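Below is one structure, written out as structure tokens; the observations come after it.
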Number of protein chains: 2
Amino acid sequence: MTKDFRHVTEIDRLLHEPSRLVIVTILYTVESADFLFLQRETGLTKGNLSTHLAKLEAAGYVDIEKTFRGKVPLTICLLTEVGREAFKVYRNHLKRVVDSMPE
Amino acid sequence: MTKDFRHVTEIDRLLHEPSRLVIVTILYTVESADFLFLQRETGLTKGNLSTHLAKLEAAGYVDIEKTFRGKVPLTICLLTEVGREAFKVYRNHLKRVVDSMPE
DNA sequence: ATAAACTTGTTTGTAATGCAGACTAGTTTA
DNA sequence: TAAACTAGTCTGCATTACAAACAAGTTTAT
């Protein structure tokens, strides 16, 4: 048996998707962001961003608040405590993965 | 504009898939392995392993040599030079990702 | 007035992906 | 000669990622 690298497969798939990781990383640093801000920062299309946010919301990682800026609809996104914890866990897991990789 | 985390999205998707990363990591350390050895080490089902290997072969990351051990068919897998390089690039990319993640 | 363009997203359609069970083909053992 | 084993591939299904099309209203230009 070689060294066991299978721990990699236990990583949080929701955050392992690069698009979602970028979204969550941004939310981790800013605490609150609207839809178009996220779109600009991530470079994602609206449809794609919308889907990823819905998935993160379904997992309880982000809260999505529908509101208005004047008369214009506005979607505010923020990380939940669950999401913050999940990010930290993922980050640490990824660190271990990197450290376990052979030279 | 917040810090730019979009470099994450440029990561090698082929290696970003955990199952394939485990396969390639093993091949990186052993230089040569047969199908059943890989199956035991990775914990993947045959079908899944077969598909992932085919994908890695199509990308030129692994060579697959069909041979026989006595009268029994045997599939030998090994990383190509391209695959070794791709692994190193991915590993370094992942290091940068981890280092760029906020506390 | 009303048409054009913009804001802010959601829904839909499509192609790719991951996964495991069914299947193939041959070999060895009972 | 039937059962069980070895070594994989093929098939089908559920999930995913992605972007284009659509929706619903607002602001600007003519």
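What you see is a predicted model, and the numbers here were worked out from it, not measured in a lab. Convention: sequence-line order gives letters A, B, ...; per-chain numbering from 1.
- Other cluster members for B/I76: B/L74, B/L78, joined by side-chain heavy-atom distances under 4.5 Å among Ile, Leu, Val, Met, Phe, Trp and Tyr.
- In this structure, A/F35 places its CZ atom 6 Å from P of C/dT10, rounding to the nearest Å.
- Residues forming a salt bridge (charged side-chain N to carboxylate O under 4.0 Å, His left out) with A/E57 (at least two apart in sequence, or on another chain): none.
- Note on B/T75: every side-chain N or O is 4.0 Å or more away from OP1 and OP2 of D/dA7.
- Remark: A/K66, A/R69 in residues 58-69 of chain A come within less than 4.0 Å of DNA chain C through at least one heavy atom.
- Evaluation of the salt bridge (charged side-chain N to carboxylate O under 4.0 Å, His left out) rule for B/K88 yields B/E85 as partners, not counting sequence neighbours.
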N/O donor to acceptor pairs below 3.5 angstrom from side-chain atoms of residues 13-22 of chain A, sequence neighbours left out:
| unit_1 | atom_1 | unit_2 | atom_2 | d |
| --- | --- | --- | --- | --- |
| A/R13 | NH1 | B/E17 | OE1 | 3.2 |
| A/R13 | NH2 | B/E17 | OE2 | 3.4 |
| A/H16 | ND1 | A/Y90 | OH | 2.8 |
| A/H16 | NE2 | B/H16 | O | 2.7 |
| A/H16 | NE2 | B/H16 | NE2 | 3.4 |
| A/E17 | OE1 | B/R13 | NH1 | 3.3 |
| A/E17 | OE2 | A/S19 | N | 3.3 |
| A/E17 | OE2 | A/S19 | OG | 3.3 |
| A/R20 | NE | A/L14 | O | 2.7 |
| A/R20 | NH1 | A/H52 | ND1 | 3.1 |

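- The distance from atom NZ of A/K46 to atom C1' of D/dA21 is 13 Å, rounded to the nearest whole Å.
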Could you list, one pair per line, each protein nitrogen or oxygen that sits under 3.5 Å from a nitrogen or oxygen of nucleotides 15-19 of chain C, together with the distance?
| unit_1 | atom_1 | unit_2 | atom_2 | d |
| --- | --- | --- | --- | --- |
| C/dG18 | OP1 | B/E17 | OE1 | 3.4 |
| C/dG18 | OP1 | B/R20 | NH1 | 3.0 |
| C/dG18 | OP1 | B/R20 | NH2 | 2.7 |
| C/dG18 | OP2 | B/R20 | NH1 | 2.8 |
| C/dG18 | OP2 | B/K55 | NZ | 3.0 |
| C/dC19 | OP1 | A/R13 | NH2 | 3.3 |
| C/dC19 | OP2 | B/S19 | OG | 3.3 |
| C/dC19 | OP2 | B/N48 | ND2 | 3.3 |
| C/dC19 | OP2 | B/H52 | NE2 | 3.3 |
| C/dC19 | O5' | B/N48 | ND2 | 3.2 |

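- The CG-P distance, from A/L53 to C/dT10, rounds to 8 Å in whole Å.
- B/V72 belongs to no hydrophobic cluster, as no Ile, Leu, Val, Met, Phe, Trp or Tyr side chain comes under 4.5 Å of its own.
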Next on the checklist: Assess the residue pair B/C77 and B/L53 against the criterion (side-chain contact (heavy atoms from CB on, under 4.5 Å)); give the C-alpha distance rounded to whole Å, side-chain angles, the decisive distance to 0.1 Å, and a yes or no.
Outcome noted: CA-CA 8 Å; B/C77 312; B/L53 283 176; 3.8 Å; yes

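- Whole-Å rounding puts the A/L38 CG to C/dT10 C1' distance at 16 Å.
- Rounding to the nearest 0.5 Å places CG of A/D4 at 7.5 Å from CD of B/E41.
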Name each donor-acceptor pair under 3.5 Å that joins a side chain in residues 93-103 of chain B to protein atoms two or more places apart or in another chain, with its distance.
| unit_1 | atom_1 | unit_2 | atom_2 | d |
| --- | --- | --- | --- | --- |
| B/H93 | NE2 | B/H7 | O | 3.2 |
| B/S100 | OG | B/H7 | NE2 | 3.3 |
| B/S100 | OG | B/R96 | O | 3.4 |
| B/S100 | OG | B/V97 | O | 2.9 |

Between the protein and nucleotides 24-30 of chain C, which nitrogen or oxygen pairs are less than 3.5 angstrom apart?
none

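- Under the rule for a side chain to side chain contact (heavy atoms under 4.5 Å, CB included), A/A54 has no partner lying at least two apart in sequence or in another chain.
- Look at CD on A/Q39: it is 11 Å from C1' on C/dT7, rounded to the nearest Å.
- For A/Y28, there are no side-chain hydrogen bond (donor to acceptor under 3.5 Å, both in side chains) partners, not counting sequence neighbours.
- One can place CG of A/L49 at 16 Å from P of C/dT7, the figure rounded to the nearest angstrom.
- Applying the ring-ring contact (aromatic ring centres under 6.0 Å, His included) rule to B/F35 yields no partners; only residues at least two apart in sequence or on another chain are considered.
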